[in-house]
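What you see below is based on every heavy atom in this structure, not just the backbone, and it leaves out hydrogens, waters and symmetry mates. Counting convention: from 1, in listed order, for ligands and their atoms alike.
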Amino acid sequence: MKIVVTGGAGFIGGNFVHYMLNKYDDYDIICFDALTYAGNMETLEQALDSPNFKFIKGDISNVKEVESLFEEEKPDVIVNFAAESHVDRSINNPGVFLKTNVIGTQILLDACRKYGIERYHQVSTDEVYGDLPVDRTDLFFTENTPIHTSSPYSASKAGADLLVQAYYRTYGLPVTISRCSNNYGPYHFPEKLIPLMIVNALNDKPLPVYGKGDNIRDWLYVEDHCSAIDLIIHRGTVGEVYNIGGHNERTNLEVVKTIIKELGKSEHLINFVTDRAGHDRRYAINPTKIHSELGWSPNTKFDDGIKQTIKWYLENKSWWENIISGDYKNYYAKMYESR
Ligand code: NAD
Ligand code: TYD
């Protein structure tokens, strides 16, 4: 089987490339990635040693580049991770989110129609469901929860999901969609909560917590996301949506305090800053469908996963030091210095 992983030089796509190469020695895995600020060839270092792996630099929103990918590689399966993925960046600059997340998805879907495909899988997010009240811990997102977005990021991901479903209904394209909760683990770009806090704490820099830190996220170790996508592309029902999550809800403040404790740092580093505009209160997934239909359950509990993640950042300093010494400095100054 030949699988194209778009966005495979990013956080989850990179972990998925490693997961699939380790699990299937007879599959060809091709990473197609534009190498934006979030894409990193160092994430793929191990994969590049494998004879079953190939990297192609390309943009999903460029018809020519996508069509030559299909013509040259004739993939059986597309797993689309490629996206602009950071809510805060989408608040400052929505346009590129629409271009990559919506138009890029449409261009991939059109290529699938033109050249044929066994399966197109769209990697989506629980953020398309909007948010839940913090005081209603009995409520969870199911696959039937209406789409109700808050940020330009989630709106663009929802637009993509709707297109994927339209291509199934109108053209009979064999698609599946997964909507996962917040991931964490190795190779996570340090603009997102967990890696940003680990990296800042290691450098004894302030830890910027938005608002009161009482927003809740449902954390999933990235390898568990990879195993769920692996199951869906092999055994998921065409046309269906699968929610992915492991019931690991934590407030942001709890997460930050856990990181501080693991690293032996002081809570004085916590710095409460202006809240994010439109900040979603709580995400929480009901994963019953993927559990009962495909037998998926997560392997890693948050308390173990966060320790493994911190250990990875301690052991792979050069990976993140290379990031934070580059353009990231400008991003950090713009986002946080006058917050
Ligand atoms: P990321 O930002 O770390 O990586 C995105 C990757 O896509 C990068 O390698 C980047 O170079 C590439 N890319 C961006 N624009 C591209 C384009 N036009 N053409 C080709 N490649 C392009 O993102 P991530 O956190 O790994 O998220 C991957 C996917 O999973 C996204 O679709 C995201 O919406 C979804 N998702 C993420 C989370 C999470 O917690 N991070 C949770 C649920 C779903
Ligand atoms: P993030 O990792 O950006 O993921 P998302 O917004 O897609 O859930 O943020 C996770 C939570 O952490 C979110 O409630 C915003 C909050 N947050 C902070 O408090 N400080 C920060 O510096 C960042 C990046 C996020």
Side-chain angles (χ1 to χ4, degrees), residues 5-17 31-41 43-44 56-62 65-66 69 79-91 96-97 99-101 103-105 107-108 122-128 131 150-151 153-154 156-157 160-161 178-185 187-197 200 206-220 222 225 229 243-245 250-253 255-256 270-276 278-283 285 332 335-336 339:
V5 179
T6 66
F11 164 46
I12 310 174
N15 277 281
F16 186 71
V17 164
C31 169
F32 183 81
D33 196 298
L35 294 180
T36 68
Y37 79 92
N40 188 343
M41 289 306 286
T43 297
L44 294 171
I56 298 174
K57 186 170 187 295
D59 182 342
I60 61 164
S61 64
N62 181 315
E65 289 175 7
V66 168
L69 167 76
V79 184
N80 181 26
F81 291 91
E84 287 293 331
S85 68
H86 191 34
V87 172
D88 292 326
R89 288 186 193 252
S90 83
I91 294 169
V96 65
F97 284 71
K99 183 160 183 266
T100 292
N101 300 1
I103 303 297
T105 297
I107 286 169
L108 283 174
Q122 177 73 2
V123 180
S124 186
T125 165
D126 60 355
E127 300 192 28
V128 301
D131 62 356
S150 312
S151 69
Y153 163 67
S154 56
S156 68
K157 292 296 290 184
D161 283 15
S178 53
R179 296 184 178 142
C180 190
S181 60
N182 286 63
N183 284 214
Y184 67 103
Y187 303 111
H188 203 180
F189 193 87
E191 65 186 350
K192 306 281 169 57
L193 179 77
I194 288 182
L196 185 144
M197 297 298 164
N200 279 19
L207 308 178
V209 173
Y210 299 168
K212 295 192 184 113
D214 54 0
N215 300 61
I216 293 169
R217 296 293 183 264
D218 184 0
W219 294 98
L220 187 73
V222 62
H225 189 182
I229 294 174
N243 282 356
I244 309 173
R250 297 283 188 287
T251 66
N252 294 337
L253 200 53
V255 170
V256 173
I270 294 174
N271 180 28
F272 291 97
V273 298
T274 311
D275 208 353
R276 171 187 282 172
H279 199 171
D280 279 335
R281 302 286 302 156
R282 170 174 169 253
Y283 302 143
I285 284 274
Y332 199 88
M335 274 304 177
Y336 293 97
R339 194 161 191 146

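Geometrically, ligand 2 and N182 share a nitrogen or oxygen pair separated by less than 3.5 Å. Between F189 and ligand 1, no N or O atom pair is found at a separation short of 3.5 Å. Residue-to-ligand polar distances place K157 within reach of ligand 1: an N/O pair is separated by less than 3.5 Å. At under 3.5 Å, a nitrogen or oxygen of D33, whether backbone or side chain, sits near a nitrogen or oxygen of ligand 1. For a threshold of 3.5 Å applied to N or O pairs, the pair formed by A82 and ligand 1 contains no separation below that value. The N/O atoms of Y153, backbone and side chain alike, include one that comes under 3.5 Å of an N/O atom in ligand 1. The distance criterion of under 3.5 Å between nitrogen or oxygen atoms is not met by V87 with respect to ligand 2. At a 3.5 angstrom cut-off on N or O pairs, I60 counts as close to ligand 1. In terms of polar-atom proximity, D88 is not counted as a contact of ligand 2, lacking any N or O under 3.5 Å from an N or O of the ligand. For G10, a nitrogen or oxygen atom sits less than 3.5 Å from a nitrogen or oxygen atom of ligand 1, counting backbone and side chain alike. The N/O atoms of T36, backbone and side chain alike, include one that comes under 3.5 Å of an N/O atom in ligand 1.
Between D214 and R281 a salt bridge is recorded (basic side-chain N to carboxylate O distance below 4.0 Å).
The protein non-hydrogen atom at the shortest distance from atom 8 (O) of ligand 2 is R217 NE, 2.7 Å. When only non-hydrogen protein atoms are considered, atom 27 (O) of ligand 1 lies nearest to I12 CD1, 3.8 Å. Among protein heavy atoms, the minimum distance from atom 18 (N) of ligand 1 is reached at D59 OD1, 2.8 Å. Shortest contact from atom 20 (N) of ligand 2 to any protein heavy atom: P208 O, 2.7 Å. The shortest contact between atom 43 (C) of ligand 1 and any protein heavy atom is with C180 O, 3.4 Å. For atom 5 (C) of ligand 1, the closest heavy atom belonging to the protein is A83 O, 3.5 Å. The shortest contact between atom 42 (C) of ligand 1 and any protein heavy atom is with S181 O, 3.4 Å.
For the residue pair Y336/N200, the side-chain donor-acceptor check at 3.5 Å is not satisfied. Side-chain atoms of Y37 and R89 form a donor-acceptor pair, as typed in the model, at a separation below 3.5 Å. For K212 and T251, the side-chain atoms include no donor-acceptor pair closer than 3.5 Å.
Under the 30°/60° scheme for interplanar angles, the aromatic rings of Y153 and F97 are found to stand perpendicular.
At a 4.0 Å cut-off, not a single heavy atom of Y153 sits close enough to ligand 2 to count as contact. The shortest separation from a heavy atom of T6 to ligand 1 is not under 4.0 Å, leaving the residue out of contact. At least one heavy atom of G58 sits closer than 4.0 Å to an atom of ligand 1.
Distances from atom 9 (O) of ligand 2 to the heavy atoms of M335, R276, K192 show the closest one on R276. The closest non-hydrogen atom to atom 13 (C) of ligand 2, taken over R339, K212, H279, comes from H279. Nearest-heavy-atom check against atom 17 (N) of ligand 2 across Y184, Y210, Y283, Y332 picks out Y210. Of the listed residues (E127, E191, R89), the one carrying the non-hydrogen atom nearest atom 24 (C) of ligand 2 is E191.
The contact set between ligand 1 and S85, taken as ligand atoms under 4.0 Å from a residue heavy atom, comprises 1 (P), 2 (O), 23 (O). Atom numbering of ligand 2 starts at 1 in the shown order; those under 4.0 Å from a heavy atom of V209 are 19 (O).
When every heavy atom of K157 is checked against every heavy atom of V123, the shortest pair comes out as NZ-O, 2.9 Å.
Residue V273 does not touch ligand 2, judged by heavy-atom distances below 4.0 Å.
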ask   = Can you list the steps and then say if V128 with R179 is a side-chain contact (heavy atoms from CB on, under 4.5 Å)?
value = CA-CA 8 Å; V128 301; R179 296 184 178 142; 3.5 Å; yes
